[in-house]
Amino acid sequence: MRNFIHTSQPQRVVFGAGTLAHLAREIDALGARRALVLCTPEQRAQAQRVADMLGAQAAGIFDRAVMHVPIETAREARETARRLNADCAVAIGGGSTTGLGKAIALDSGLPILAIPTTYAGSEMTPIYGLTEGGLKKTGKDARVLPRTVIYDPELSRSLPVGLSVTSGINAIAHAAEGLYAQDSNPVMDLMAEEGIAALARALPAIRRSPDDIDARSDALYGAWLCGSVLGNVGMALHHKLCHTLGGSFNLPHAEVHTVVLPHAISYNAQAAPRAMQRIARALGCEDAALGLFELARANGAPTSLREIGMPGAELDRAADIAAANPYWNPRPIERDAIRALLQRAFDGDPPQ
Ligand SMILES: NC(=O)c1ccc[n+]([C@@H]2O[C@H](COP(=O)([O-])OP(=O)(O)OC[C@H]3O[C@@H](n4cnc5c(N)ncnc54)[C@H](O)[C@@H]3O)[C@@H](O)[C@H]2O)c1
């Protein structure tokens, strides 16, 4: 066993179908009295339900969360929280809504209670992102880590099948890279493998039957585990590539992760054989990269960057950006090999 350091994150997790009913109790446990409910415009009805449940404990609803947390939206939400004397934020939604809660917490220290309805995993991390002048900056701050997370699989039943599959593979990406992280440890490895297995089991079942509460529970459990890995250990090439492609070319977050993952894992396969074994075992297949490609393909997810809007003429520039200031990676970052990887991902070829 190698030496390691693990810092536990101070968070309370309430998990299970119907647990949204305990929201008022959880707000009390935070010592809060006036919650500002955050959501996207698309999830206004879910947020209204939450506000209705809270009654006098709800300060109001801010329903303008959008992808990548533009600084203007963050400022408006912070101002709304101040004006309404909110003493906590309840973020109901995916990574975009949790991200808005984090932007408020970063500025004010307001505690966040997150109610995730996708599998992106932001609720388990102290990582925040803010976009200013078209540039997304990320940072780490303990203040933005949600204090309480309510995982109620009932709420993810409405997540469209396509987004369920890509969001689930987005979660798997955190665990897969966590398995070869420099600062990983045996407990994170266990969580990563279990998280991948839970999602690999859940996604085909959700595709067959989006209302299947057992499958939705498995997926959310997997998302929790994978999100915890993301919150605890460093990410590598795959996350760097997705950050580059999402940020510079405005490609949809979960879809980019889905398309790139098999190729990034293949790039690192020889440098991280133990991680590959664990990923393959969790997927129930022989080859980790091919198994991930097949998981996406068989469940109707996109497999090429072309189909999700990447301009082919920009692949050279994408390779340049990804190779500049790389994250730590088990295999050195070679610009030409990254360019070849991007070409395969663009064309939708299986990983090499
Ligand atoms: N900081 C972190 O640790 C971290 C981790 C993961 C993702 N992120 C960030 O999160 C963002 C992506 O989050 P995402 O993939 O969850 O997407 P998202 O939050 O943007 O949601 C996508 C769409 O799905 C809708 N939606 C969500 N749940 C739904 C449900 N149950 N039913 C119906 N519609 C639903 C949303 O309202 C939105 O319109 C990116 O900006 C990414 O950078 C951050």
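Note that this is a predicted model, so its numbers are computed, not measured. Ligands are counted one by one from 1 in listed order, and the atoms in each one are counted from 1 as well. Position 1 is the first residue of the sequence; numbering continues from there.
Taking only nitrogen or oxygen atoms, main chain and side chain alike, His174 does not reach within less than 3.5 Å of ligand 1. Considering backbone and side-chain N/O of Ile127, one or more are found under 3.5 Å from N/O of ligand 1.
In this structure, Met124 falls outside the shell of residues with a heavy atom less than 4.0 angstrom from ligand 1. Judged by the shortest distance from any of its heavy atoms, Arg157 lies outside the 4.0 Å radius around the atoms of ligand 1.
Close contacts of ligand 1 with Leu230, meaning ligand atoms under 4.0 Å from a residue heavy atom, involve 3 (O), 5 (C). Of all atoms in ligand 1, numbered sequentially from 1 with element shown, those under 4.0 Å from a heavy atom of Thr125 are 1 (N), 2 (C), 3 (O). In summary, the atoms of ligand 1 found under 4.0 Å from a heavy atom of Leu163, numbered by their order in the structure, are 22 (C), 23 (C), 24 (O). Close contacts between ligand 1 and Gly94 involve ligand atoms 16 (O), 19 (O) [criterion: under 4.0 Å to a heavy atom]. Each of the following atoms of ligand 1 lies closer than 4.0 Å to a heavy atom of Lys102: 1 (N), 2 (C), 3 (O). Proximity to Thr118 (heavy-atom distance under 4.0 Å) selects the following atoms of ligand 1: 16 (O), 27 (C), 28 (N).
From the protein, the heavy atom lying nearest to atom 41 (O) of ligand 1 is His68 ND1, 3.1 Å. Ranking the protein heavy atoms by distance from atom 6 (C) of ligand 1 puts Ala120 O, 3.4 Å first. Residue, atom and distance of the protein heavy atom nearest to atom 18 (P) of ligand 1 are Ser96 OG, 3.4 Å. Among protein heavy atoms, the minimum distance from atom 39 (O) of ligand 1 is reached at Glu42 OE1, 3.0 Å. With respect to atom 7 (C) of ligand 1, the closest heavy atom belonging to the protein is His253 NE2, 3.6 Å. For atom 43 (O) of ligand 1, the nearest non-hydrogen atom of the protein is Lys136 NZ, 2.9 Å. Here the protein heavy atom with the shortest distance to atom 30 (C) of ligand 1 is Ser158 OG, 3.5 Å.
When heavy-atom distances to ligand 1 are checked against a 4.0 Å cut-off, Thr117 comes that close through both its backbone and its side chain. Of all the heavy atoms of Leu155, the ones lying under 4.0 Å from any atom of ligand 1 belong exclusively to the backbone. Under 4.0 Å from ligand 1, the heavy atoms of Thr40 that appear belong solely to its side chain.
Results of the side chain to side chain contact (heavy atoms under 4.5 Å, CB included) test with Val144 over Thr98, Thr125, Leu106 single out Leu106 as the only residue that passes.
Residue Arg33 places its CZ atom among 12 or fewer non-hydrogen atoms of other residues, nucleotides or ligands, all under 6.0 Å distant. Enclosure of atom CZ in Arg331 by more than 12 non-hydrogen atoms of other residues, nucleotides or ligands within 6.0 angstrom is indicated.
Comparing Gly95, Cys226, Ser164, Pro252 against atom 17 (O) of ligand 1, the shortest heavy-atom distance belongs to Gly95. Selection from Met67, Gln43, Glu255 by nearest heavy atom to atom 25 (C) of ligand 1 gives Gln43. Closest to atom 2 (C) of ligand 1 by heavy atom, among Ala254, Gly231, Ser122, Ala173, is Ser122.
Residues Lys137 and Thr131 have side chains that never bring a donor and an acceptor to within less than 3.5 angstrom of each other. Arg344 and Ser266 are not linked by any side-chain donor-acceptor pair at a separation below 3.5 angstrom, with hydrogens and angles left out of the test.
Hydrophobic cluster membership is shared by Ile61 and Leu23, with clusters built from Ile, Leu, Val, Met, Phe, Trp and Tyr side chains linked at under 4.5 angstrom. In the hydrophobic cluster analysis, where Ile, Leu, Val, Met, Phe, Trp and Tyr join through side-chain heavy atoms closer than 4.5 angstrom, Leu241 is grouped together with Ile308.
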Practice task
Evaluate side-chain hydrogen bond (donor to acceptor under 3.5 Å, both in side chains) for Arg216 paired with Ser164, printing each intermediate quantity in order.
Solution key: CA-CA 9 Å; Arg216 290 289 186 184; Ser164 298; 2.9 Å; yes
Handout entry: Test side-chain hydrogen bond (donor to acceptor under 3.5 Å, both in side chains) applied to Arg44 and Gln48, step by step
Key = CA-CA 6 Å; Arg44 170 84 201 193; Gln48 188 63 55; 3.2 Å; yes
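Residues Leu100 and Ala77 approach most closely at CD1-CB, 3.8 Å, considering heavy atoms.
The closest donor-acceptor contact from the side chain of Gln9 to the backbone of Met124 lies at 3.5 Å or more, if one exists at all.
A distance of 10.5 Å separates OG of Ser228 from NE2 of His174, quoted to the nearest 0.5 Å.
Ring-plane geometry between Tyr327 and His243 is classed as perpendicular, the angle between the planes exceeding 60 degrees on a 0 to 90 degree scale with a lower cut at 30.
With ring centers used as reference points, His257 lies under 6.0 Å from His253.
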